[in-house]
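Beneath this line is the structure, given in structure tokens, with notes to follow.
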Amino acid sequence: MKAGCSIVDKPEGGGGYHFPEWAYKTESSPGSRQIQLWHFILELLQKEEFRHVIAWQQGEYGEFVIKDPDEVARLWGRRKCKPQMNYDKLSRALRYYYNKRILHKTKGKRFTYKFNFNKLVMPNYPFINIRPNDPSIDPWGGWSSILG
DNA sequence: GACGGAAATT
DNA sequence: AATTTCCGTC
């Protein structure tokens with residue numbers, strides 16, 4: 001029993017959006033669904049209220065900047081019930097995504113990473129049809145029209 | 001800050 | 001398997 005930390009994950013910001021059931025890992029534990037870090041990142045990127053914490057980088061499709069590493073780590077730690085989470089540990093998890101081809105680092109740019117959309121997200125996760133709230137920013141670069 | 005090995009945790 | 005934790009190295 002983890003008091004104060006619900007099994008069912010709630011999206012940050014209290015918005016209505018969340019990934020469908022099958023998008024979550026259901027591995028061993030029968031009742032527990034664990035959100036993936038990159039799902040969480042996309043969730044934050046989708047909301048305007050977190051624009052000062054993490055946001056899409058204009059110009060490069062799929063590239064985002066963590067403007068407030070401590071806050072992102074705090075939010076992630078809250079979601080996963082890991083109060084001791086920090087950017088050092090969160091970034092290690094992001095680094096494991098390099099070999100998995102989910103993300104890669106934008107070298108030289110501080111706190112900047114980029115999703116490998118074409119390689120993994122689009123082919124395997126068609127449910128990701130979220131749109132940026134700001135029309136001037138289109139991280140999906142043309143894919144949005146295909147996704148509808 | 002960023003990287004990645006190693007061990008622990010869930 | 002996907003992190004979380006810890007840490008030496010650059």
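Everything numeric here is computed off the predicted structure, so don't read it as measured data. Naming convention: chains lettered A, B, ... in sequence-line order (proteins, then strands); numbering from 1 in each chain.
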Show each protein N/O and nucleotides 8-10 of chain C N/O combination with a separation under 3.5 Å, one pair to a line.
none

Can you tell me if [X] touches the phosphate of [N], counting only side-chain N or O atoms and a distance under 4.0 Å to OP1 or OP2?
X	N	value
Y97(A)	dA2(C)	no
K80(A)	dT4(C)	yes
K100(A)	dA2(C)	yes
W76(A)	dT4(C)	yes

**Request:** Answer with base, sugar-phosphate or nothing: what part of the nucleic acid does L37(A) contact at a heavy-atom distance below 4.0 Å?
**Result:** sugar-phosphate
**Fill in**
Atom CG of N99(A) and atom P of dT3(C) are separated, to the nearest Å, by 14 Å
**Complete:** Taken to the nearest whole Å, OH/Y98(A) to P/dG4(B) is 8 Å
**Asked** Any donor-acceptor pair under 3.5 Å between the side chain of R95(A) and the base of dG4(B)?
**Response** yes
**Fill in**
Sorted by chain and number, sequence neighbours left out, salt bridge (charged side-chain N to carboxylate O under 4.0 Å, His left out) with R78(A) holds for E12(A)
**Asked** Is the backbone N or O of K109(A) less than 3.5 Å from a side-chain atom of K105(A), with the two atoms forming a donor-acceptor pair by type?
**Response** yes
**Request:** Report yes if the distance between the aromatic ring centroids of F115(A) and F64(A) is under 6.0 Å, otherwise no.
**Result:** yes
**Y96(A): ring pair (Phe, Tyr, Trp, His ring centres under 6.0 Å) partners, not counting sequence neighbours** = none
**Prompt:** For F50(A), which residues count as a ring pair (Phe, Tyr, Trp, His ring centres under 6.0 Å) partner, sequence neighbours excluded?
**Reply:** none
Among [options], the one nearest [X] by side-chain distance:
X	options	answer
Y87(A)	dA2(B), dT3(C), dC6(C)	dA2(B)
K89(A)	dG5(B), dC3(B), dT4(C)	dT4(C)
Q36(A)	dA2(C), dA2(B), dT5(C)	dA2(C)

**Fill in**
Residues at least two apart in sequence or cross-chain that pass side chain to side chain donor-acceptor pair (under 3.5 Å) with Y87(A), listed by chain then number, are Y113(A)
**With T106(A) via side chain to side chain donor-acceptor pair (under 3.5 Å) - residues at least two apart** = E63(A)
**Request:** Would you mind listing every salt bridge (Lys or Arg N to Asp or Glu O under 4.0 Å) that reaches into residues 84-98 of chain A, with sequence neighbours excluded?
**Result:** none
**Item:** All side-chain contact (heavy atoms from CB on, under 4.5 Å) counterparts of D70(A), not counting sequence neighbours
**Value:** D68(A)
**Asked** For residues 64-75 of chain A, which residues have at least one heavy atom under 4.0 Å from DNA chain C?
**Response** none
